[in-house]
Amino acid sequence: MAQELDLLITGAEIVTAADRFRADIGIQDGKIVALGTALGPARKTVDASGLLALPGGVDAHCHLDQPQGFGLRMADDFVSGSRSAACGGTTTIIPFAAQLKGQSLRAAVEDYHQRAGGKSCIDYAFHMIVVDPTPEVLEQELPALIREGYTSFKVYMTYDDLKLNDRQILNVLDVARQGGALVMVHAENSDCISWLTDRLVADGKTTPQYHAVSRPQAVEREATHRAITFSELVDVPILIVHVSGSEAIEQIRWARGRGQRIYAETCPQYLYLTAEDLGHGDYEGAKCVCSPPPRDEANQEAVWRGLAHNVFSVFSSDHAPFSYEDPHGKKLRGKEQKFQYIPNGIPGLETRLPLLFSGGVNGGRISIHQFVALTSTQPAKLYGLYPRKGSLMVGSDADISLWDPDRKVVISNTMLHHDVDYTPYEGRTVTGWPVMTFSRGELVSREFEFLGTAGKGEFLPCDKPML
Ligand code: DUC
Ligand code: ZN
Ligand code: ZN
């Protein structure tokens, strides 16, 4: 008799970035060991008739327990963040080990391992954020860390405590080229933002809506173009993160047309929020303050078209969790803040996949294969986790989400599993929900209930990106 499987999932239709077919899934020791019919015997069988089996989501841009200055504190650590991700159909997260000025990059990575260790219920890898590219960092630490499995890092063109100047970015890109790593770029022009901010504040315009006015598309367009120029000069691919609208998209299309290898990411906030959500003088708009800011409906449509036409390779949450009623969050020190002091970021780990599935797949804007590619397969490839993650092949980890494509759900913060006290999508109805999610063969969520175990998630060293 064949060896008994640990788990058999029967009756589902398997959907990957390329294929759609009906097969049972045999799982042993956390891996997919068979796809076919008449599999078994198995210790446990899950009847998934009527459901779609998709590779678990890979959220390649989220912030958890990231050290903050100015008295700020993120609401989610690796326990609550990974729990929320799992309940939204995501089985791999890639948050950021952020260097502080004056700190060695190695120390930042070690500190972040302390924060993550024994907490995540799903597997995780790290990107790094390079803030202080000293000769030591460029010549010793970065090349060694790349070899050890930290093969992607983010650079910022804005934020006083994070930004690099042009020459520093060129230096970091050069190290990435030599090591075969991928640099993610936050593209907004810092001086333009601070100049516009000063002018708004001098005019007494300090409520949340002016956050969007201080960061118009022009500042994103210019920085995107500059980053594309750096990529050309150094001859290395880059990935532009959280693209918000048509003007940055035009730059990316232009560069691709010239044969440049420019990758791009977008996020749910640019499909579902607009600058109107920052309010008209009321502080509630602080809940939707993120950077780049949400734009308008025409730009939402441009981002949808960019997804449909494969301008974007990756769809991430950019989950950056700051609670609203929190003296370490949106109401810093218990007070309503001027827009330039509101912590940037919104929660989204758990709602990322249903929002894209609902508006994209059920809305007829992208195919279900594009959905899988954007949310799982392509991030796994770009960040060196494929085919262990991002696929449902024999030999891959049994990270599987079973979707009911017709399930109608009204999003409400009470049903979410993060530790943030709001969701910007409160009251929205989505169609399609991941009703069961497995991480290496272990059931981690079922029907809005978390069933995983903190600490079961493993750290994943990353291979070189597949570019
Ligand atoms: N913008 C960022 O660059 N990072 C975190 C959240 C945000 O809004
Ligand atoms: Zn960013
Ligand atoms: Zn971010």
Side-chain angles (χ1 to χ4, degrees), residues 59-70 72-76 81 85 93-99 112 125-131 152-164 169 172 182-190 193 208 211-212 214-215 219-220 223-224 226-227 238-245 248 263-275 277-278 285-295 314-324 329-330 332 337 339-349 351-352 379 383 418 420 422-424:
D59 197 334
H61 185 159
C62 55
H63 304 266
L64 297 175
D65 198 13
Q66 192 176 310
Q68 306 291 306
F70 317 108
L72 291 167
R73 190 174 58 217
M74 287 194 160
D76 282 315
I93 45 174
I94 319 182
F96 295 85
Q99 183 191 24
Y112 210 48
F126 293 167
H127 307 291
M128 299 180 288
I129 294 175
V130 180
V131 165
S152 50
F153 25 96
K154 184 174 176 186
V155 296
Y156 284 82
M157 300 170 85
T158 189
Y159 296 129
D160 287 342
D161 51 336
L162 300 174
K163 70 182 177 192
L164 303 188
I169 295 174
V172 171
L182 180 60
V183 177
M184 311 158 76
V185 182
H186 180 126
E188 288 185 298
N189 181 311
S190 185
I193 294 167
H211 171 75
S214 75
R215 305 174 99 102
V219 310
E220 186 187 8
T224 302
R226 195 155 28 105
I238 56 169
L239 185 141
I240 311 286
V241 291
H242 45 51
V243 171
S244 74
Y263 296 88
E265 171 204 78
T266 193
C267 315
Q269 45 272 39
Y270 306 116
L271 298 175
Y272 286 93
L273 303 179
T274 68
D277 291 302
L278 301 181
K287 291 178 176 175
C288 295
V289 165
C290 61
S291 292
R295 308 295 181 187
V314 183
F315 188 78
S316 309
S317 67
D318 198 7
H319 181 88
F322 296 101
S323 279
Y324 182 66
K330 296 281 184 184
L332 186 58
Q337 297 292 324
F339 74 85
Q340 72 271 35
Y341 302 121
I342 299 171
N344 284 198
I346 60 177
L349 272 168
T351 45
R352 172 183 73 119
Y383 297 116
H418 58 202
V420 185
Y422 76 97
T423 167

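Computed from a predicted model, the values in this text were never measured in an experiment. The figures here come from the full heavy-atom set of this structure, side chains too, leaving out hydrogens, waters and symmetry mates. One-based numbering, in listed order, for ligands and for the atoms of each.
- By the 30° and 60° cut-offs, the orientation of the rings of His319 relative to His418 is tilted.
- For ligand 1, the atoms sitting less than 4.0 Å from at least one non-hydrogen atom of His242 are 3 (O), numbered in the order shown with element in parentheses.
- Residue Ser291 has at least one N or O atom closer than 3.5 Å to an N or O atom of ligand 1.
- Of the possible polar contacts, one joining the Gln337 side chain to the Leu332 backbone as a donor-acceptor pair under 3.5 Å is found.
- The set of protein atoms (N, O or S) found at less than 2.8 Å from the Zn ion (ligand 3) reads His61 NE2, His63 NE2, Asp318 OD1, by chain and number.
- Atom OH of Tyr341 sits in a sparse spot, with 12 or fewer heavy atoms from other residues, nucleotides or ligands closer than 6.0 Å.
- Note that the CG atom of Leu239 and the NE2 atom of His61 stand 10.0 Å from one another [nearest 0.5 Å].
- The protein heavy atom nearest to atom 2 (C) of ligand 1 is Tyr159 OH, 3.6 Å.
- In this structure, Arg352 contributes its side chain and Phe315 its backbone to a donor-acceptor pair below 3.5 Å.
- Applying the 4.0 Å criterion to heavy atoms of Tyr156 picks out, from ligand 1, the atoms 3 (O).
- Within the listing of ligand 1, atoms 5 (C), 6 (C) sit less than 4.0 angstrom from a heavy atom of Ala320.
- When the shell of 6.0 Å around CZ of Arg73 is examined, it contains 12 or fewer heavy atoms from other residues, nucleotides or ligands.
- Distances from atom 4 (N) of ligand 1 to the heavy atoms of His211, Gln269, His63 show the closest one on His63.
- Side chain of His211 to backbone of Cys290: a donor-acceptor contact under 3.5 angstrom is found.
- If you look at Cys290 next to ligand 1, the close heavy atoms, those under 4.0 Å, come from the backbone and the side chain alike.
- The distance from atom OH of Tyr156 to atom NZ of Lys163, rounded to the nearest 0.5 Å, is 14.0 Å.
- Contacts of Ser317 classified as side chain to side chain donor-acceptor pair (under 3.5 Å), with partners at least two apart in sequence or in another chain: Asp59.
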